[in-house]
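Encoded as structure tokens, the structure appears first; notes follow it.
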Amino acid sequence: MSVILQGDQLRSLLLGTKVDRATATLPATATGTLFNVTGGRVMITSIVGRVTTNIQAQANAIKLVATPSGSGAVNDLSATVDSNGLAAGGLLSITGLAGDAMVKSTGGGVSTLRNPVIVAAGAIGLNTAATNTGSVEWSLTYVALDNGATVTAA
């Protein structure tokens, strides 16, 4: 049987350009930059984190935020979820509504954006309320709204 479209081609058609960020430890009671947006606005069509090293069993409210370059304030892309003890293979995502808590699962599957998110040039980051051990790798897909807009891993 012939395959007309390969999986990566279909993903690009449906979700846009994919950017992967290598695994990194959680920021220590701060916001750590996951992705940089340059050249204009982009529409985030999906963002998923996968825990690669168990997260410490201690309360830690985490959320995704967007920080515009130049003027403007930090904007929440989600409300917080507790990452307490999330094991390797666990998944993290957001729904696309800033008031909804970040979504987490123990690894079987996780829902993702129901509503694409428009992000201005700047940074997309992970905000943490505590200092926990553990590492997460992230994948993001986007469509440029402004010609020349791109997303790169931080």
Side-chain angles (χ1 to χ4, degrees), residues 5-38 41-68 73-144 149-154:
L5 291 175
Q6 298 298 318
D8 61 335
Q9 295 169 319
L10 187 57
R11 182 193 64 237
S12 292
L13 285 171
L14 295 173
L15 298 173
T17 304
K18 182 181 180 203
V19 181
D20 293 317
R21 181 176 187 269
T23 193
T25 57
L26 297 175
T29 315
T31 298
T33 301
L34 302 175
F35 299 97
N36 292 303
V37 180
T38 57
R41 299 165 300 159
V42 299
M43 179 173 57
I44 306 300
T45 57
S46 73
I47 185 166
V48 178
R50 184 177 69 87
V51 177
T52 57
T53 302
N54 294 347
I55 295 176
Q56 181 179 351
Q58 154 182 294
N60 189 6
I62 62 172
K63 63 183 175 180
L64 289 179
V65 297
T67 305
V74 176
N75 293 283
D76 291 345
L77 298 179
S78 70
T80 62
V81 71
D82 191 354
S83 65
N84 185 343
L86 192 56
L91 300 171
L92 298 162
S93 189
I94 61 174
T95 67
L97 296 175
D100 287 356
M102 180 181 275
V103 181
K104 72 175 181 179
S105 85
T106 56
V110 68
S111 62
T112 189
L113 293 173
R114 287 180 260 152
N115 303 296
V117 176
I118 308 301
V119 178
I124 298 168
L126 179 67
N127 177 270
T128 62
T131 301
N132 282 25
T133 58
S135 293
V136 180
E137 66 183 4
W138 292 88
S139 294
L140 173 146
T141 56
Y142 75 95
V143 174
T150 60
V151 177
T152 56

Of all residues at least two apart in sequence or in a different chain, which pass the salt bridge (charged side-chain N to carboxylate O under 4.0 Å, His left out) check with Arg11?
none

Who are the side chain to side chain contact (heavy atoms under 4.5 Å, CB included) partners of Thr33, not counting sequence neighbours?
Asn36, Ala123, Ala154

Those residues at least two apart in sequence (or on a different chain) that pass salt bridge (charged side-chain N to carboxylate O under 4.0 Å, His left out) with Asp20 are Lys18

Which heavy-atom pair separates Met102 from Ser93 by the least distance, and what is that distance?
CG-O, 2.9 Å

Under the side chain to side chain contact (heavy atoms under 4.5 Å, CB included) test, residues paired with Thr150 that sit two or more places apart
Thr38, Tyr142

Between Ser135 and Thr52, is there a side-chain donor-acceptor contact under 3.5 Å, judged purely by atom types and distance?
no

Which atoms form the tightest heavy-atom contact between Ala24 and Arg21, and what is the distance?
CB-NH1, 3.4 Å

Taken in chain and number order and not counting sequence neighbours, the residues that satisfy salt bridge (charged side-chain N to carboxylate O under 4.0 Å, His left out) with Arg50 are Glu137

Between Val103 and Ser111 the two heavy atoms that sit nearest each other are CG1-OG, 3.7 Å

Under a 3.5 Å distance rule, please check whether Asn132 uses its side chain to pair with a backbone N or O of Gln58 as donor and acceptor.
yes

Backbone N/O of Asp82 and side chain of Lys104: donor-acceptor pair under 3.5 Å:
yes

For the student: nearest non-hydrogen atoms of Leu86 and Leu92, plus distance
CD2-CD2, 3.9 Å

All heavy atoms of Ala79 vs all of Gly99, minimum pair found to be CB-O, 3.6 Å

Are Ser139 and Val19 packed together at the side-chain level, in the sense that at least one heavy-atom pair is separated by less than 4.5 angstrom?
no

Do Ile94 and Asp100 come close enough that some side-chain heavy atom pair is under 4.5 Å?
no

Could you check whether any side-chain heavy atom of Thr53 comes within less than 4.5 Å of a side-chain heavy atom of Thr133, counting everything from C-beta outward?
no

Between Ser46 and Thr141, does any side-chain donor sit less than 3.5 Å from a side-chain acceptor?
yes

Side-chain heavy-atom pair Asn115, Thr95 within 4.5 angstrom cut-off:
no

Who pairs with Lys63 by salt bridge (charged side-chain N to carboxylate O under 4.0 Å, His left out), at least two apart in sequence or on another chain?
Asp76

Check Thr131 against Gln56 and note the closest heavy-atom contact, atom names and distance.
O-OE1, 3.8 Å

Please determine which of Asn75, Ile47, Ile44 meets the side-chain contact (heavy atoms from CB on, under 4.5 Å) test together with Leu64.
Ile47

Quick one: does Leu77's side chain get under 4.5 Å of Ile124's, heavy atoms only?
yes

Can you find a heavy atom in the side chain of Ile55 that is under 4.5 Å from one in the side chain of Asn60?
no

Criterion side chain to side chain contact (heavy atoms under 4.5 Å, CB included) on Val136 and Leu26, from CA distance to verdict:
CA-CA 7 Å; Val136 180; Leu26 297 175; 3.9 Å; yes

What distance do Thr31 atom OG1 and Ile62 atom CD1 have between them, rounded to the nearest 0.5 Å?
11.5 Å

Under 3.5 Å: donor-acceptor pair, side chain of Thr45, backbone of Leu15
yes

Report yes if the side chains of Leu126 and Trp138 come closer than 4.5 Å at any heavy-atom pair, otherwise no.
yes

